[in-house]
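Sequence positions, counted from 1, serve as the residue numbers for this chain.
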Amino acid sequence: MSGACERSKNPVLDCCGGLNNVDYSKVGRWEHRTRGLTRMFGSPYVACYCLAIAILLLNVYRSHSITVAIKGQPRCSLMDRWEVFQVGVAAMAAGSLFVVSSFIALGFTGTFLGDHFGILMEKKVTGFPFNIMENPMYWGSTLNYLGLALMNASPVGVVLTGVVAVSYKVAIAYEGAFTEEIYRQRALCCKHK
C-alpha cells in the first residue's frame, strides 16, 4: 500500500437519492393545505400509503447509492482496524434499534407524514426511543450510515454521513414546527367542542 488510503478504480458518488426529506415535508405541507393527494387517491390513508411507498423507494435508492459510493471509493488504512469495525457494528446496531423501535412506536402512518393527511395520533409518543432523544428515526438512520462507513473503512462514507446528518437536521427544523402546529390546532379545536 502506498499512503494511508488506497484508490479505487471505479469511484461513484451518486448519493443525492432523489427527493430528500425536506421535499417530502413540502409534499406533506401541500397535502395538508390542499388535500390534493387525498382527492386524487380518494382516501387519506391510500394517499399516505402511496407517498410512503415513494419515500421508501427513494430512501432505498439513496442507501444503495451511498453503499455503492462507499464500496467504490478509497479504503483508508488508518480506519481499516478491528476497533473501528466494531464501533461501526455498534453504530449500526444502535441505529437499527432506533429506526425499528421508532417505526413500531409511530406505526406506518405516523412514520410517513400521516398527520399531514389528517391521520392524527391520539397523543405524542413519549416512550422508547422518544424518551431517549428527539427524532430517533432520523438519528438512527444517520448511525446506520456512519456504521456502514466505519465498517468499510470509508472516509467518503463518513463525509456522506455528514451530508445525510445535515439534510436530516434541515428536515427536522422544517417539519418539526409544522407538525407541532397541526397538533396545536387540533388541541384548540377539541378544546372548543
What closest approach, in Å, do [X] and [Y] show between heavy atoms, and which atom pair accounts for it?
| X | Y | value |
| --- | --- | --- |
| Ile172 | Asn135 | CG2-ND2, 3.3 Å |
| Gly140 | Val99 | C-CG2, 3.7 Å |
| Pro74 | Pro155 | O-CD, 3.6 Å |
| Lys71 | Asn152 | NZ-OD1, 3.0 Å |

query: For Phe98 and Leu143, what are the C-alpha separation, side-chain angles and deciding distance, and is it a side chain to side chain contact (heavy atoms under 4.5 Å, CB included)?
result: CA-CA 9 Å; Phe98 287 139; Leu143 281 172; 4.1 Å; yes
Please tabulate, for side-chain N and O atoms in residues 43-52, each donor-acceptor pair with protein atoms closer than 3.5 Å (sequence neighbours left out).
unit_1: Ser43; atom_1: OG; unit_2: Tyr45; atom_2: N; d: 3.1
unit_1: Ser43; atom_1: OG; unit_2: Val46; atom_2: N; d: 3.3

Cluster check [X], [Y]: I/L/V/M/F/W/Y, side chain < 4.5 angstrom:
| X | Y | value |
| --- | --- | --- |
| Met92 | Val89 | yes |
| Met40 | Ile119 | yes |
| Phe103 | Leu56 | yes |
| Phe41 | Ile55 | yes |
| Val125 | Leu113 | no |

Distance, nearest 0.5 Å, that separates [atom1] of [X] from [atom2] of [Y]:
| X | Y | atom1 | atom2 | value |
| --- | --- | --- | --- | --- |
| Ser65 | Leu160 | OG | CG | 10.0 Å |
| Tyr183 | Leu188 | OH | CG | 15.0 Å |
| Ile182 | Leu120 | CD1 | CG | 7.0 Å |
| Ser141 | Leu146 | OG | CG | 11.5 Å |
| Ser101 | Leu106 | OG | CG | 9.5 Å |
| Arg29 | Thr179 | CZ | OG1 | 8.0 Å |

So do the side chains of [X] and [Y] get within less than 4.5 Å of each other, counting heavy atoms only?
| X | Y | result |
| --- | --- | --- |
| Arg62 | Leu58 | no |
| Leu37 | Val27 | yes |
| Thr38 | Glu31 | yes |
| Lys26 | Tyr174 | yes |
| Met79 | Val158 | yes |
| Thr126 | Asn131 | no |

message: Counting only heavy atoms not in Glu83 (residues, nucleotides, ligands), do more than 12 fall under 6.0 Å from its CD?
response: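 Yes, enclosed.
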- prompt: Hey, is CZ on Arg35 packed in by over 12 heavy atoms from elsewhere, all under 6.0 Å?
  reply: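 For Arg35, atom CZ is crowded (more than 12 foreign heavy atoms under 6.0 Å).
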Can you check whether [Y]'s main-chain N or O pairs, donor with acceptor, with [X]'s side chain at less than 3.5 Å?
| X | Y | result |
| --- | --- | --- |
| Thr161 | Gly157 | yes |
| Ser63 | Asn59 | yes |
| Asn144 | Ser96 | yes |

- prompt: Is the Phe112 to Phe108 ring centre distance short of 6.0 Å?
  reply: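 That pair passes the under 6.0 Å test.
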- request: Return each pair, listed once, that meets ring pair (Phe, Tyr, Trp, His ring centres under 6.0 Å) where at least one residue sits in residues 127-163; pairs must be two or more places apart or across chains.
  value: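 Sorted result for residues 127-163: Tyr138-Tyr168.
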Parallel, tilted or perpendicular: rings of His116 and His32 (30°, 60°):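 The rings of His32 and His116 stand perpendicular, inter-plane angle above 60°.
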